[in-house]
Colleague: 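Have a look at this one before I ask anything.
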Amino acid sequence: MKLTASKKGTSRYFFAKLGWKEQFDPREIDILTAGALPMLIPPSAIQGHNNRVIQYEISSYSTLEFYLSCILSREQFAKLLLQCIDLFRQMQKAYLNYKNLVLELDQIYVLLSDRTLHFIYLPVANSSREASIPEFFRHLVQKASRSTYEQVSFLDSCLAWLDRPVPFVMDAFEDFVLQGGCVRESAEVCAAAAVSTPSPASVPTPDELRFYHPLAEKMPEASPVPYPHQGSGTTQLNIPDAGGTVVLADGPAVSNPRFYLVRKATDERVEISRSPFLVGSERGSTDYCVTGNATISRKHALFLFQDGQCSVIDQKSTNRTYVNDCALEPNVAQPLHDGDLLRLANEDFTFVQEG
């Protein structure tokens with residue numbers, strides 16, 4: 001089978017052409033077309049002589065290879081692993097063959113708006129393709145950007161787990177990811193999941209909610225937080241003689257800064273709400289699409305923030321990225337400061353930091 005990707009105008013497509021002994025499986029085509037498994041991209045057309053070419057539209061997606069080059073937190077990477085595990089389980093239930101998945105990282109896709117993974121599945125009968133799920137996970141871990149000590153530690157632990165001289169078991173790997181990844185979801189999502197739990201005793205407490213993941217069948221226990229002590233002996237608290245309960249403060253609240261781009265031509269104010277945050281002219285595959293300017297590249301600049309600092313990285317754009325009139329080297333992070341003038345091609349923005 002021959003696999004290719006090409007561009008027609010502003011649209012991008014993935015094509016799979018059958019070999020002379022291969023044929024499509026009508027049942028699997030029906031499953032894909034119906035969207036029964038949302039992580040599998042449905043075919044947009046079957047064409048060619050004797051309908052031997054299947055086409056998928058991939059205009060809305062970025063590649064997983066690109067996404068892995070970004071700075072991901074441990075939780076974000078663990079969520080990628082859990083999405084893959086969930087897909088493999090769904091495929092088992094639908095009797096779809098792992099061998100028909102395209103597992104090359106530059107041919108797996110990510111919808112950046114919600115960070116969901118999407119795969120190409122080749123609905124081929126009696127496939128002779130080879131695929132190894134443990135090798136796929138190992139390659140995924142090896143290609144991830146090693147940006148922080150916490151991330152490096154987690155990636156090394158994943159590799160050590162995958163390299164053990166024992167058979168790969170999906171459930172055991174999921175348990176490992178959940179315990180080591182500490183994937184955090186919003187309290188609203190967790191609370192909604194808790195409502196459907198039949199036993200009142202199993203409903204998570206508020207402290208446990210932040211460690212809950214909808215894909216998990218169980219929650220790791222939250223570690224107790226020790227009370228801080230200074231010196232030895234007993235510390236006397238000078239509590240005023242007043243009714244009710246006195247609340248002990250934990251210290252001054254630390255606020256995380258928020259980052260914005262203000263487009264000078266329109267006064268549009270855009271929050272850099274996540275990291276990574278991609279800006280360009282391609283609608284659907286960027287977090288912020290710059291409309292009405294043909295000089296902006298499809299994927300022009302990437303914004304990252306960590307430890308209260310935001311940086312911008314030019315993505316090898318055609319017309320360059322500038323900070324305070326200085327052109328940036330492609331793929332090199334440039335820290336930003338409140339009030340900096342940012343120019344993408346000939347479009348001016350002001351970078352704003354609040355908090």
Side-chain angles (χ1 to χ4, degrees), residues 59-80 83 109-118 144-148 150-151 183-186 255-293 295-324 328-345 347-355:
S59 304
S60 302
Y61 306 100
S62 295
T63 67
L64 177 57
E65 184 177 55
F66 163 77
Y67 188 61
L68 290 174
S69 69
C70 303
I71 299 176
L72 303 179
S73 68
R74 182 175 66 173
E75 290 79 10
Q76 289 168 340
F77 184 75
K79 189 173 181 180
L80 282 182
Q83 286 187 70
Y109 300 96
V110 179
L111 194 62
L112 289 179
S113 58
D114 60 6
R115 301 173 186 253
T116 53
L117 281 177
H118 298 268
S145 173
R146 292 172 166 256
S147 53
T148 65
E150 181 189 42
Q151 173 74 324
V183 180
R184 297 172 176 84
E185 294 291 339
S186 67
S255 61
N256 293 322
R258 304 181 73 169
F259 309 107
Y260 301 87
L261 294 176
V262 179
R263 187 177 181 182
K264 289 193 172 184
T266 61
D267 287 331
E268 183 180 7
R269 183 182 175 94
V270 180
E271 182 175 4
I272 304 172
S273 56
R274 65 177 78 205
S275 178
F277 187 91
L278 184 62
V279 175
S281 61
E282 186 173 68
R283 190 180 300 277
S285 63
T286 55
D287 294 294
Y288 170 56
C289 176
V290 183
T291 58
N293 191 331
T295 67
I296 303 289
S297 295
R298 292 187 301 111
K299 296 177 178 62
H300 197 107
L302 188 72
F303 293 81
L304 309 169
F305 54 83
Q306 187 176 14
D307 299 328
Q309 175 72 63
C310 184
S311 300
V312 61
I313 303 174
D314 180 77
Q315 300 296 294
K316 295 184 179 178
S317 61
T318 303
N319 294 308
R320 311 289 294 273
T321 300
Y322 301 81
V323 174
N324 297 326
L328 303 186
E329 291 293 328
N331 296 325
V332 177
Q334 171 64 42
L336 294 171
H337 304 90
D338 185 41
D340 279 350
L341 172 64
L342 180 72
R343 189 163 77 249
L344 309 183
E347 189 75 49
D348 287 336
F349 296 83
T350 301
F351 176 76
V352 176
Q353 177 175 330
E354 294 183 354

Colleague: Rounded to the nearest 0.5 Å, how far does CG of Leu328 lie from CD of Gln315?
Modeller: 11.0 Å

Colleague: Could you tell me whether the side chain of Val270 reaches within less than 4.5 Å of the side chain of Phe349, counting heavy atoms only?
Modeller: no

Colleague: Please report the interatomic distance CZ(Phe66) to CG(Leu112), rounded to the nearest 0.5 Å.
Modeller: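 Going from the CZ atom of Phe66 to the CG atom of Leu112 covers 6.5 Å.
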
Colleague: Is the shortest heavy-atom distance from the side chain of Val323 to the side chain of Phe351 under 4.5 Å?
Modeller: no

Colleague: What residues form a side-chain contact (heavy atoms from CB on, under 4.5 Å) with Ser113, not counting sequence neighbours?
Modeller: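 With neighbours one apart ignored, the set is Leu111.
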
Colleague: Using a 4.5 Å cut-off on heavy atoms from C-beta on, say whether the side chain of Thr116 contacts that of Gln83.
Modeller: yes

Colleague: Are any side-chain N or O atoms of Glu271 and backbone N or O atoms of Leu261, one a donor and one an acceptor, separated by less than 3.5 Å?
Modeller: no

Colleague: Please report the closest heavy-atom contact between Ala345 and Thr295, naming both atoms and the distance.
Modeller: CB-OG1, 3.2 Å

Colleague: Only pairs at least two apart or in different chains count here, so list each side chain to side chain donor-acceptor pair (under 3.5 Å) that has a residue in residues 329-340.
Modeller: Asn324-Asp340

Colleague: Whether the side chain of Gln76 engages the backbone of Ser275 through a donor-acceptor N/O pair (distance < 3.5 Å, no angle test) should be reported.
Modeller: yes

Colleague: Between CZ of Phe77 and OG of Ser145, what distance do you get to the nearest 0.5 Å?
Modeller: 10.5 Å

Colleague: Is Arg283 atom CZ crowded by more than 12 heavy atoms from other residues, nucleotides or ligands, each under 6.0 Å away?
Modeller: no

Colleague: Taking the side chain as every heavy atom from C-beta outward, state whether Thr286 and Ser62 have any pair of such atoms under 4.5 Å apart.
Modeller: no

Colleague: Within the distance-only criterion (no hydrogens, no angle test), does the side chain of Asp348 pair as donor or acceptor with the backbone N or O of Lys264 below 3.5 angstrom?
Modeller: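 Here the side-chain-to-backbone pair does not exist.
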
Colleague: Could you check whether any side-chain heavy atom of Tyr288 comes within less than 4.5 Å of a side-chain heavy atom of Ile272, counting everything from C-beta outward?
Modeller: no

Colleague: Looking at every non-hydrogen atom in both residues, tell me the closest pair between Val352 and Glu354 and how far apart they are.
Modeller: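 Heavy-atom minimum between the residues: CG1-CG, 4.0 Å.
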
Colleague: If you look at every heavy atom in Phe259 and Gly308, which pair is closest and at what distance?
Modeller: CZ-O, 3.8 Å

Colleague: Taking the side chain as every heavy atom from C-beta outward, state whether Ser285 and Ser60 have any atom pair closer than 4.5 Å.
Modeller: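 No, too far: nothing below the 4.5 Å cut-off.
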
Colleague: Check whether any side-chain heavy atom of Arg115 lies under 4.5 Å from a side-chain heavy atom of Lys79, and answer yes or no.
Modeller: no

Colleague: Please list, one pair per line, the donor and acceptor atoms closer than 3.5 Å that link side chains of residues 296-305 to other protein atoms, with sequence neighbours excluded.
Modeller:
| unit_1 | atom_1 | unit_2 | atom_2 | d |
| --- | --- | --- | --- | --- |
| Ser297 | OG | Thr318 | N | 3.0 |
| Arg298 | NH1 | Glu282 | OE1 | 3.4 |
| Arg298 | NH1 | Glu282 | OE2 | 2.8 |
| Lys299 | NZ | Glu282 | OE1 | 3.0 |
| His300 | ND1 | Ser297 | N | 3.1 |
| His300 | NE2 | Ser317 | OG | 3.3 |
| His300 | NE2 | Arg320 | O | 2.9 |
| His300 | NE2 | Thr321 | OG1 | 3.3 |

Colleague: OH of Tyr67 to CG of Leu117: how many Å apart, nearest 0.5 Å?
Modeller: 8.5 Å

Colleague: Less than 4.5 Å apart, side chain to side chain, heavy atoms only: is that true for Tyr322 and Leu341?
Modeller: no

Colleague: On a heavy-atom basis, which atom in Cys289 and which in Ser281 lie closest, and how many Å separate them?
Modeller: SG-O, 3.5 Å

Colleague: For the backbone of Leu344 and the side chain of Glu347, can you confirm whether one donor and one acceptor N or O come within less than 3.5 Å of each other?
Modeller: no

